[in-house]
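Both backbone and side-chain heavy atoms feed into the values below; hydrogens, waters and symmetry mates do not.
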Amino acid sequence: MAREKVIDFSALEKKWQRKWESAGIFRAREKKNAKKFYILEMYPYPSGSGLHMGHAFNYTIGDVYARFKKMNGFCVLHPMGYDSFGLPAENAAVKAKSHPKKFTEDAIRNFMKQQKALGLSYDWSRMIESHKPEYYKWDQWIFLKMFERGLAYRKKAPVNYCGKCKTVLANEQVVNGKCWRHEDSDVEIRHLEQWFLKITDYADELNSYLDRLDGWPETIRAMQKNWIGKSSGTEVDFFIDGKKWSVFTTRADTLFGVTFLVVSAQHPDLMSLVTPEQKNKVEMFLKKLRSVSEEDIVKLDKEGIFSGSYAEHPLTGEKIPVWIGNFVVADYGSGMVMGVPAHDQRDFEFAKKYNLEIKQVITIDEKRNKLSELLEEEFEKFLRHANKNNKKPIIVGGFASRLIYGKPYRNHKDIDIFIDAKDFDFWKEYFVSNGYQDYREEGDVKRDYSKYALYIKEIDGVDVEFDVWVVKTNKKGNFVDFEFVNERETTIKKEHIIEIKYRGLLVNVSKERGLLLDPNQNLKRAVDNCFTGISAYEGYGILINSEGFDGLKSGEAREHITNALEMRKKGRKKIAFKLRDWLISRQRFWGAPIPVIYCDSCGVVPVNEKDLPVKLPENIKFSSAENPLKKYEKFVRVKCHKCGKDARRETDTMDTFIDSSWYFLRYTDSKNSKKIFESRKANYWMPIDFYIGGKEHATGHLIYFRFVTKFLRDLGLLKFDEPALRFFNQGMLHGPDGRKMSKSYGNVILPESVSKKYGMDSARLFLVSVASPDKDIDWSDKGIEGSARFVLRVMNYCFGFKDGKTNTRMAHKLNKTIKNVSDYIEGLRYNLAVISLRECFGVIEEEGISREDLKKFVKMLSVFAPHVSEEIWSKLGGKGFVSASAWPEADEKKIDEKLEKAERSFEKAVEDIRNVLRIVESRGKKAGKVYVYVLPNELGNYDSIKLGERLGVSTKVYAVNDSKKYDPEGKSKKVKPGRPGIYVE
RNA sequence: GUGGGCGUGCCGGAGUGGUCAAACGGGACAGACUCAAGAUCUGUUGGCUCAGUGCCUACCUAGGUUCGAAUCCUAGCGCCCACACCA
């Protein structure tokens with residue numbers, strides 16, 4: 001019957017969209033006594049092909065949240081804009097022989113229309129477009145400010161050049177050696193003067209502040225950490241012909257194993273190292289390298305050539321040959337590395353290939369294996385004794401070998417244990433009777449030997465040592481060594497003590513101290529590898545062949561060797577980053593011009609701030625893919641404002657990632673023509689409380705926007721350190737075939753067609769209910785039909801609504817739903833929220849509900865299905881917009897878990913009875929009547945009429961103690977709590 | 001190689017120590033309504049057993065911890081993503 005009432009969803013949606021807009025309910029306003037909430041989805045590039053369902057998915061996730069927050073009384077800022085500079089528009093313009101501006105603005109108009117049709121709660125009055133001079137003026141302003149502070153600089157650098165785009169690409173734009181837009185185009189290397197932003201000045205902060213971003217997905221944080229790539233090591237100075245060359249290493253402990261140096265084949269000063277005899281060979285080598293494409297370089301064998309020069313080892317003074325290699329990264333560290341073939345696999349291969357010396361300086365301790373076994377044996381013995389006597393000392397450390405008492409390296413293992421004071425003598429007896437020597441030395445005034453003991457036994461030349469510490473518990477219940485009550489080192493927190501089983505024996509250990517007692521993970525594993533001569537040993541160990549440092553462990557040796565270098569002024573501790581400076585020059589038209597001019601007498605001159613923006617010319621012809629600015633005299637020719645002479649304008653434009661690195665700030669004051677933004681406003685709305693976007697920006701945009709925010713903070717414009725508190729990656733919507741939605745696959749789903757057929761609300765509901773929003777999902781016609789069915793059911797019910805009463809079951813369900821849905825939305829588990837709503841509606845249909853309570857349900861539904869909810873709301877006589885109403889509050893008093901339990905047993909009973917009925921019917925009998933026997937106190941849970949309705953058979957319920965009950969087979973004897981007895985006839 | 005994630009019933013996907021043979025949706029099957037189809041409603045959907053509430057086998061595989069594991073630990077297999085000659 002529902003079919004006749006075909007609903008014109010498109011009309012209904014348009015109606016409410018218009019009303020929302022004219023009432024301006026989604027305008028963001030600063031209010032003093034309400035909390036603000038800034039929610040943002042990454043602004044899109046307005047592609048010419050328009051918006052597909054994948055975009056809708058993305059925006060719906062934000063929209064649900066924005067609506068939820070608004071209904072919860074927050075001042076919500078939820079803006080939208082367009083990332084409208086960029087290559088595709090320019091390419092399209094070339095093709096269509098028109099101007100990218102026209103093309104872009106058409107696309108924006110189209111995109112906006114489509115977005116509005118989704119019913120998103122944006123404040124459109126703050127819309128921004130990055131290609132507008134009012135906007136990119138501030139890109140240029142930021143550039144000038146960076147230039148002033150030395151953060152924008154020019155450098156000749158090898159850059160990635162795509163022949164198809166005819167432009168330089170940033171590292172992020174190179175995918176497997178190919179252009180990110182042209183999978184078939186190899187990227188070539190060219191050397192050009194380029195503008196860079198010194199993001200590396202912020203590397204340390206960008207790295208360390210990641211720890212504060214606990215609202216970000218772990219994966220993104222990990223990716224950024226990895227990308228920034230902080231590593232601490234040592235910078236070692238090698239002298240070559242009296243000139244200093246610094247080399248970065250994280251393995252200073254292998255310094256004595258250096259048998260050659262390798263400088264990057266891309267190093268700018270490379271030729272100064274090459275001796276005349278080697279010059280020809282080197283040049284041939286370099287020529288050969290250049291003929292190899294970027295991609296193949298990665299796959300290439302390590303290759304190199306001798307430069308002819310020798311360096312002086314900073315500690316031994318030995319002569320070390322300097323090589324040129326293809327495997328050294330030119331712009332990491334100093335572009336030169338030390339070759340330690342014995343302990344680095346790459347160096348090893350290189351040395352084998354060119355017959356260079358391999359000098360081993362690290363050895364593993366052969367005795368360690370045996371040592372471990374021995375120690376474990378002793379430890380087991382100790383534990384057995386403890387278990388037998390009901391003692392449980394706490395193991396806080398040990399199983400480590402170390403240098404003892406300043407003596408030269410000697411095999412030694414120790415175990416630190418914490419014991420109770422009253423066990424002191426007990427353990428003394430044990431150790432002594434097991435052949436341990438009490439090793440407490442007199443004369444150490446710092447220690448009270450009645451509360452500390454040190455038992456050592458020598459077995460096969462190895463010292464096994466138990467350090468016994470008497471401890472007490474402090475106020476917090478933590479364990480503290482008597483002697484060092486105030487020192488953290490000997491305080492063990494009680495929550496770090498865990499009980500584990502070790503070879504069947506119980507033992508308390510301190511988690512924090514990292515004692516590895518898991519049988520699968522003992523020390524043997526760590527020393528399994530040994531130096532075979534077939535490959536390098538890259539692990540740590542004990543130093544040999546290292547002059548005065550022999551016998552030290554790697555970790556200690558690193559410190560000592562660095563200190564030794566430092567004393568001789570030939571090295572120092574250093575922190576290196578993988579992060580490179582941000583190359584922002586693009587040899588393209590459609591971007592913000594870099595505000596710089598070149599004057600023959602003044603050099604590089606920044607444009608005056610008052611002359612901003614440097615506008616892109618509008619009446620310019622596009623004929624080829626090359627930047628037309630270069631040949632556009634009116635743009636290029638300019639007078640130097642310093643000296644008045646003729647000068648040239650920079651024709652490169654800025655990377656579009658500049659635009660997006662601060663756009664979120666502009667939303668807070670998008671119409672300001674005097675300033676980039678009013679600090680007061682930015683500080684009010686920022687930081688973004690909730691930012692939504694794709695994972696692909698993890699090491700691009702999401703680093704840049706942090707960088708620029710920090711920079712603007714340092715200019716004094718902002719009072720916070722990070723742009724976004726919480727970041728969320730939405731999943732990707734695939735086509736019905738499970739493949740990425742793309743025109744070439746022909747699997748693109750358009751919102752328009754979906755809206756017409758099922759309504760946008762059904763689509764929204766479907767998108768968020770398939771899975772949690774961070775998962776990739778496939779579009780499914782069946783799936784949306786399911787959602788549409790639900791929407792229709794709700795509409796039918798509400799449109800024909802007859803006032804009812806909310807009974808206790810209904811009240812319980814409704815209030816529990818309110819509670820759950822609120823929590824689920826807050827935690828972005830929209831799928832579960834929708835399920836709760838569905839379940840709740842099922843109960844509404846069964847039980848009936850009061851008008852006011854139904855409205856509460858509609859409110860919750862409205863964040864997912866705003867249009868139909870408005871329609872229902874108005875039909876139910878709701879005031880104003882449901883979208884502007886207050887989120888319902890759960891009345892905890894009405895939530896009664898007992899009811900739910902009762903319901904569960906009711907359902908179970910229904911199931912049981914059905915089972916019996918089935919059996920009866922399978923025997924050819926027809927069930928006429930069902931008798932149910934329940935415990936007297938459960939009588940209220942089983943309603944005869946309801947049961948009868950569910951079963952389709954007339955049903956009678958008796959209490960077991962009812963003397964008048966009809967029970968010919970004595971089934972009432974089977975009754976248990978929550979389980980009724982059943983008789984069918 | 002490094003870092004991160006994941007492996008659940010026919011499918012999508014909930015579920016992180018007992019209340020789990022596993023939410024919810026989809027599909028399939030059966031029934032009701034209908035001349036019929038669609039829509040809608042009801043039920044079934046691991047196996048066995050059966051006047052019931054019982055048993056067995058199950059959450060990639062193998063072990064382990066636990067009174068108890070889809071859930072925790074270890075190892076293995078498989079899949080996905082990102083970075084990748086970073087010294």
Just name whichever nucleotide pairs with [N], Watson-Crick or G-U, keeping both distances under 3.5 Å, else none.
N     : value
B/A14 : none
B/C33 : none
B/C79 : B/G5
B/A39 : none
B/A84 : none
B/U45 : B/G27
B/U66 : none

When we call it a touch if two heavy atoms are under 4.0 Å apart, what does [X] touch: a base, just sugar-phosphate, or nothing?
X      : value
A/S836 : nothing
A/K775 : sugar-phosphate
A/G842 : nothing
A/F790 : nothing

If I pick the [atom1] atom on [M] and the same atom on [N], what distance separates them, to the nearest angstrom?
N     : M     : atom1 : answer
B/A30 : B/G63 : P     : 42 Å
B/A22 : B/U40 : P     : 26 Å
B/G76 : B/C67 : C1'   : 29 Å
B/C73 : B/C80 : C1'   : 24 Å
B/G25 : B/A37 : P     : 25 Å
B/U42 : B/C48 : P     : 28 Å
B/A69 : B/C56 : P     : 14 Å
B/G31 : B/C24 : P     : 24 Å

Once you round it to whole Å, what is the distance between [atom2] of [N] and [atom1] of [X]?
X      : N     : atom1 : atom2 : result
A/I703 : B/C83 : CD1   : P     : 12 Å
A/I220 : B/G5  : CD1   : P     : 12 Å
A/W323 : B/C85 : CH2   : P     : 22 Å
A/F327 : B/A84 : CZ    : P     : 19 Å
A/I228 : B/A84 : CD1   : C1'   : 17 Å
A/D823 : B/G15 : CG    : P     : 14 Å
A/Q345 : B/U2  : CD    : P     : 13 Å
A/M732 : B/C81 : CE    : C1'   : 11 Å

Between N or O atoms, less than 3.5 Å apart, protein on one side and nucleotides 20-30 of chain B on the other: list the pairs.
{"unit_1": "B/G26", "atom_1": "OP1", "unit_2": "A/R789", "atom_2": "NH2", "d": "2.6"}

| said: Judged by each residue's nearest nucleotide on RNA chain B, which is more toward the 5′ side, A/A222 or A/D344? | reply: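 Nearer the 5' end of the strand: A/A222.
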| note | Assign each of A/V337 and A/N226 the nucleotide of RNA chain B bearing its closest heavy atom; nearer the 5' end lies the nucleotide of A/N226
| said: Whether A/K352 engages the ring of A/Y354 as a cation-pi pair (distance to the six-membered ring centre under 6.0 angstrom, angle to the ring normal within 45°) should be assessed. | reply: no
Are the aromatic rings of [X] and [Y] close, with centres under 6.0 Å apart?
X      : Y      : answer
A/W779 : A/F57  : no
A/F857 : A/F841 : yes
A/Y931 : A/Y966 : yes
A/F727 : A/W216 : yes

Does [X] make a side-chain N or O approach to OP1 or OP2 of [N] shorter than 4.0 Å?
X      : N     : answer
A/S772 : B/G13 : no
A/K695 : B/G5  : no
A/R221 : B/G4  : no
A/R914 : B/G52 : no

| Given B/A87, B/A84, B/G13, which nucleotide is nearest the side-chain atoms of A/W227? |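 The answer is B/A84, which lies nearest to the side chain.
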| request: State which of B/G4, B/A87, B/G13 makes the closest approach to the side chain of A/V328. | output: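 Nearest to the side-chain atoms of A/V328, counting from C-beta on, is B/A87.
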| task | Taking salt bridge (Lys or Arg N to Asp or Glu O under 4.0 Å) as the test, write out the residues that go with A/E845, two or more places apart. | result |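 If we apply the salt bridge (Lys or Arg N to Asp or Glu O under 4.0 Å) test to A/E845, skipping adjacent residues, the hits are A/R793.
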| Over 12 non-hydrogen atoms of neighbours within 6.0 angstrom of NZ in A/K929 | yes
| query | Does the B/G52 base have a donor-acceptor partner in the side chain of A/D912 within less than 3.5 Å? | reply | yes
| request: Just jot down the ring pair (Phe, Tyr, Trp, His ring centres under 6.0 Å) partners of A/F327, sequence neighbours excluded, or say none. | output: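 Ring pair (Phe, Tyr, Trp, His ring centres under 6.0 Å) check on A/F327 returns A/F350.
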| field | Pair A/E303 + A/K288: basic N to acidic O under 4.0 Å | value |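 A/K288 and A/E303: salt-bridged.
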| Rounded to the nearest 0.5 Å, what separation is found between the CE atom of A/M795 and the CG atom of A/D761? | 8.0 Å
